[in-house]
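Just below is one structure, and these are the notes that go with it.
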Amino acid sequence: MNKVRTRFAPSPTGYMHIGNLRTALYAYLFAKSQHGDFILRIEDTDRARYVPDAVEFIEKTLAAAKIIPDEGPHHGGNFGPYVQSERMEIYKAYAEKLVELGYAYRCFCNHDDDSNEGDEKKFGGYDRTCRHLEREEIEANLVARKPYVIRQKMPLTGETTFYDVLHGNITISNSELEDQILLKSDGMPTYNFANVIDDHLMGVTHIIRGTEFITSTPKHVLLYENFGWEIPTFIHLAPVMGKSDDGTISKLSKRHGATSFNDLVEMGYLPEVITNYVALLGWSPKTNQEIFSMDELIEKFSLDGLSKSPAVFDYNKLDWMSGEYFKAMSDEDFAQAAEKFFGTLNENLASKKIYLGSLLKPRISKLSDIHAQIKFLQERLPLDAELFTNKRNKVTAENSVGILTDAIKVLEKISDWTVDELHEKITAFVTESGLKMGTIMWALRIALSGQKVTPGGVIEILYLLGKKESLERLNAALKFLGDIAKKN
RNA sequence: GGCGCCUUCGUCAAGUGGUUAAGACACCGCCCUCUCACGGCGGGUUCAAGGGUUCGAAUCCCUUAGGCGUCACCA
């Protein structure tokens, strides 16, 4: 049996859409699960859409996602070049050969000219009458003088069937197929041609790509047949969809927010989380496992777990998965991954990064959430008397004054400002006061942070703030409450 | 419009003639708790519709509807 070879063949746009990433992932996983090769090939035959540095961008993105090509523009391999614009002579030769074989012909018409619109014999759709074969024989010297394209000569009757692993046999009537252009007038091949030539020449055994290519696959199959080449196995993947604010579902695009691998990384999702999540969008291991390392994905991947219906990208699930990864990380690793997202920390907090990270770790779904979580530690948020009122914990602005006053006295005496020590002293203080734990903690949290919700409890905040800042904040809160009382 | 593909909870999905139709996320409720979170427990909602075939259908067939794709010198 032939060694499995798959490929990822993006056109060089400076953007790695999640759907493309998933296609690359599946092609990679399948190849690796079969101990085969994964090829990166750049399809840059559209000169008008050329984006500088796009190849490097694609390679970097794949590397970040840990999808490593065995062959590619900068990965070596014996089937290069792996950039289509560098293979023009190859396509030209095969196109000419097809003309010789009688499966293609030169066309000298200028079909961009819309002046014939309305005339059903002309273009605007497909013009079956445009077959220059005979004319070409008469006017052989035209080839040297006029620009032309090479078109594939489609059978006018019958039908073409191909097998798709996901969809089974798909049959399309040949009358649906137009004499598509194989070689453009600028000498570049079209996707439909270059793709077939390269897949064959590079020994690709399994073509994994999006469903948008189903309809053009019969044309490819005909080409393989014309050349007498073995037809590869097709696997057409359903698209990744996005949900708009109004609830409508459509193919995932920029209007759905962050939809590229890089967008997601910038938001603070770990690359391995993105890969893990995306792997499950359209593929099921058929077990209840959801967290997979790349090695596990390779081990478990199987074509029959692929889904043939579209899958909606769900940020909720991504968030959950991201949180699971964070929780599984060591405090050190987390602090390191979060480094860029801490922003500029003051000296005190900078020295407590790992501890701070341990508090943040279980309560964020992406690294960019960190900023909002730690803002209150860096700056004093304006207090609001309302916040001191909490029915459940029996706290009011009035009784907070006494609590804060006593707490300050206790805290001032603490010299060993550690979590353990703070915990011990505060617990003792609560017991002594005869009040409920919740009452005291609530008042302190509001006074210290200015917000109801904080990463970690009062003890943790005190520790993070340090003695000086903590006491200053408590005193400021006391003054604030005093001013309020006077006003009333 | 022609042709093609798709259709199990809100979302990801298991399921391939006989199941109480898994599980996860989300949501709701309760418990725990110094807030949030974590954790624990519980809950609701699903086979697009209609016809067949069959003792029996989410599973097989047909029709309809809806969604998506495609009909380029773009990929």
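Below, chains carry the letters A, B, ... as their sequence lines are ordered, and counting in each starts from 1.
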Original post:
Looking at residues 451-459 of chain A, who's got a heavy atom less than 4.0 Å off RNA chain B?
Top reply: A:K452, A:V453, A:T454, A:G456, A:G457, A:V458
**OP:** Compare side-chain N and O positions of A:K219 against OP1 and OP2 of B:G4 and report whether any pair is under 4.0 Å apart.
**Re:** no
Original post:
With sequence neighbours excluded, what pairs up with A:H200 under the ring-ring contact (aromatic ring centres under 6.0 Å, His included) test?
Top reply: A:W229
**OP:** For B:C12, take OP1 and OP2 only and decide whether either is under 4.0 Å from a side-chain N or O of A:S284.
**Re:** no
Original post:
With both distances kept under 3.5 Å, what pairs with B:A75, Watson-Crick or G-U wobble?
Top reply: none
**OP:** Could you tell me which nucleotide pairs with B:U16 by Watson-Crick or G-U wobble geometry, both distances under 3.5 Å, or answer none if nothing does?
**Re:** none
Subject >> Within residues 360-371 of chain A or reaching into it, pairs that qualify as side chain to side chain donor-acceptor pair (under 3.5 Å) - sequence neighbours excluded >> reply: A:D331-A:K361, A:S365-A:D369, A:K366-A:D369
**OP:** Sort and list the pairs that fulfil side chain to side chain donor-acceptor pair (under 3.5 Å) and have at least one residue in residues 274-285 of chain A, not counting sequence neighbours.
**Re:** A:N276-A:Y325
Original post:
Are OP1 or OP2 of B:G15 and a side-chain N or O of A:K286 less than 4.0 angstrom apart?
Top reply: yes
Subject >> Base of B:C73 paired with side chain of A:S185 (donor-acceptor, under 3.5 Å) >> reply: yes
**OP:** Among B:C6, B:U35, B:A75, find the nucleotide with the atom closest to the side chain of A:W442.
**Re:** B:U35
**OP:** Heavy atoms under 4.0 Å is the rule here; annotate nucleotides 19-25 of chain B 5' to 3' with B where the base is hit, S where only the sugar-phosphate is, and - elsewhere.
**Re:** ---BSBS
Original post:
Reading nucleotides 38-43 of chain B from the 5' end, what letters show protein touch, with B for base, S for backbone sugar-phosphate only, - for no heavy atom under 4.0 Å?
Top reply: S-----
